[in-house]
Amino acid sequence: MNLETLKTVVTTGRTIEPPRILLYAVEGIGKSTFGANAYNPIFIQTEDGLNELPVSKFPQVESFETLMDYLRLLMTETHEYKTLVIDTIDWLEPIVWAYTCAVHGEPNIEGQEKKSKFGYAKGYHFAVDTWEKLITALDDLRLKKGMAILLIGHSEIKRFDSPETESYDRYQPKLQRLATALLCEWCDAVLFANYVVRTEETDVGFKKTVVRGKGGIDRSLYTQERPAFRAKNRYSLPPELPFVKGQAWNILMTEIKNNRVEQEEPNAGAKLHSQS
């Protein structure tokens, strides 16, 4: 590569591309509905849970090869879909493991035998290669076909070993830690949705109080890291947004567009496909 001057290789300003979003949440909060309200979505379903939603979807994925075939069709054929939704990534994970084992001729991702390539949990490191193969295909769709990417997942509570404080529990995507790290790094936004619960102390007599949870109807979408959950975003979003059924996607896209306009991008909204 012949580099002549700085002016020929250095660019300024921001490049606006469709977003890469990972949404994880507790059960029954409306994860799939969130995806159904995205701009012209098509679902790749790894579990059976879309029967009640009027959305375009591929048949349920049974193998990693089938998943890649679906992505190849979206890449090579002309279509109107603007958002790819994978629902859910934690149900996709065993499919990733099965493919990884088949490629390396190993019967189990954890590899119990010392002679196994996957001994001492090294199989999960090999699985990262499979996840990266998926990410490459998703980036092709995003950059060459202009599709937003939405990964939907369940949440779990796990112990977090902080180097600064005592260990504590927090919500995080229900994935093996190496997969979580890779996908969270790749995505532009990692969002956590949960019910808003408040506590209330009740005096039960004999100088005792009982703490009970209150609420559980309102829902919030969290966009920034907190001790209670993992989250991030590259869009300068407020730390919390309302997660209103049927409106949450548009609320999120409106915030992203508004922030881009405020940051001196006068045409920022147009490249998000007018999703609000």
Side-chain angles (χ1 to χ4, degrees), residues 20-27 31-32 43-49 58-75 84-142 149-163 167-192 225 229-232:
R20 300 167 292 189
I21 297 171
L22 191 164
L23 169 75
Y24 72 103
V26 298
E27 291 286 345
K31 299 183 292 294
S32 298
F43 278 70
I44 292 180
Q45 51 182 340
T46 60
E47 58 175 293
D48 184 12
F58 288 103
Q60 185 172 335
V61 169
E62 301 293 343
S63 70
F64 189 78
E65 292 90 343
T66 299
L67 169 64
M68 298 303 290
D69 285 341
Y70 291 164
L71 298 180
R72 197 171 298 112
L73 288 174
L74 289 171
M75 188 67 201
L84 173 65
V85 185
I86 297 182
D87 188 4
T88 61
I89 53 169
D90 42 285
W91 280 58
L92 174 60
E93 188 166 53
I95 295 173
V96 167
W97 291 346
Y99 175 83
T100 304
C101 290
V103 167
H104 293 280
E106 295 290 338
N108 190 296
I109 193 69
E110 294 188 345
Q112 300 300 317
E113 297 181 8
K114 291 183 179 180
K115 294 182 180 180
S116 169
K117 295 179 184 177
F118 293 177
Y120 305 104
K122 290 182 179 178
Y124 298 119
H125 292 268
F126 285 89
V128 168
D129 295 335
T130 305
W131 283 112
E132 288 177 341
K133 184 176 182 179
L134 171 61
I135 283 175
T136 298
L138 295 177
D139 266 336
D140 281 344
L141 283 175
R142 175 173 169 264
I149 307 298
L150 173 59
L151 309 179
I152 293 177
H154 296 93
S155 65
E156 65 177 353
I157 300 174
K158 273 199 169 182
R159 178 71 64 178
F160 176 65
D161 295 322
S162 171
S167 299
Y168 54 86
D169 290 343
R170 71 171 182 174
Y171 288 101
Q172 63 182 44
K174 191 179 180 181
L175 291 167
Q176 198 274 336
R177 64 176 182 83
L178 295 177
T180 297
L182 176 67
L183 294 175
C184 287
E185 180 180 350
W186 175 72
C187 284
D188 301 307
V190 177
L191 310 175
F192 173 59
E225 185 89 2
F229 49 80
R230 184 167 190 164
K232 76 164 194 180

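Sequence positions, counted from 1, serve as the residue numbers for this chain. No experiment lies behind these values; they were computed from the predicted model shown.
I95 approaches F64 most closely through the heavy-atom pair CG2-N, 3.2 Å. The shortest non-hydrogen separation linking E110 to N108 is N-OD1, 2.7 Å. Taking both residues in full, the closest heavy atoms of I109 and A127 are given as CD1-CB, 4.4 Å, listed atom of the first, atom of the second, then distance. Between R159 and S167, the shortest heavy-atom contact is NH1-O, 3.3 Å. Across every non-hydrogen atom of G153 and T88, the tightest pair is CA-CB, 4.1 Å.
A distance-only check finds no donor-acceptor pair linking the side chain of K31 to the backbone of L23 [under 3.5 Å]. With hydrogens and angles disregarded, a donor-acceptor distance shorter than 3.5 Å links the side chain of Y24 to the backbone of R230. Of the possible donor and acceptor atoms, none in the side chain of K174 sits under 3.5 Å from a partner among the backbone N and O of I89. Judged by distance alone, with hydrogens and angles left aside, the side-chain atoms of D188 form a donor-acceptor pair with the main-chain N or O of R20 at under 3.5 Å. A distance-only check finds no donor-acceptor pair linking the side chain of D87 to the backbone of S32 [under 3.5 Å]. Using a distance-only test at 3.5 Å, with no hydrogens or angles considered, no donor-acceptor pair links the side chain of R142 to the main chain of I149.
By the neighbour-count criterion of 12 heavy atoms within 6.0 Å, atom NZ of K122 is sparsely surrounded, having that number or fewer from other residues, nucleotides or ligands.
To the nearest 0.5 Å, the span separating CZ on F192 from CD on Q172 amounts to 11.0 Å.
When the options Y99, F126, W97 are evaluated for a ring pair (Phe, Tyr, Trp, His ring centres under 6.0 Å) with H104, the one that passes is F126.
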| request: Output, in order, the C-alpha distance, side-chain angles, deciding distance and verdict of side-chain contact (heavy atoms from CB on, under 4.5 Å) for K133 and D129. | output: CA-CA 6 Å; K133 184 176 182 179; D129 295 335; over 6 Å; no
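Using a 4.5 Å heavy-atom cutoff, the side chains of I86 and W91 are not in contact.
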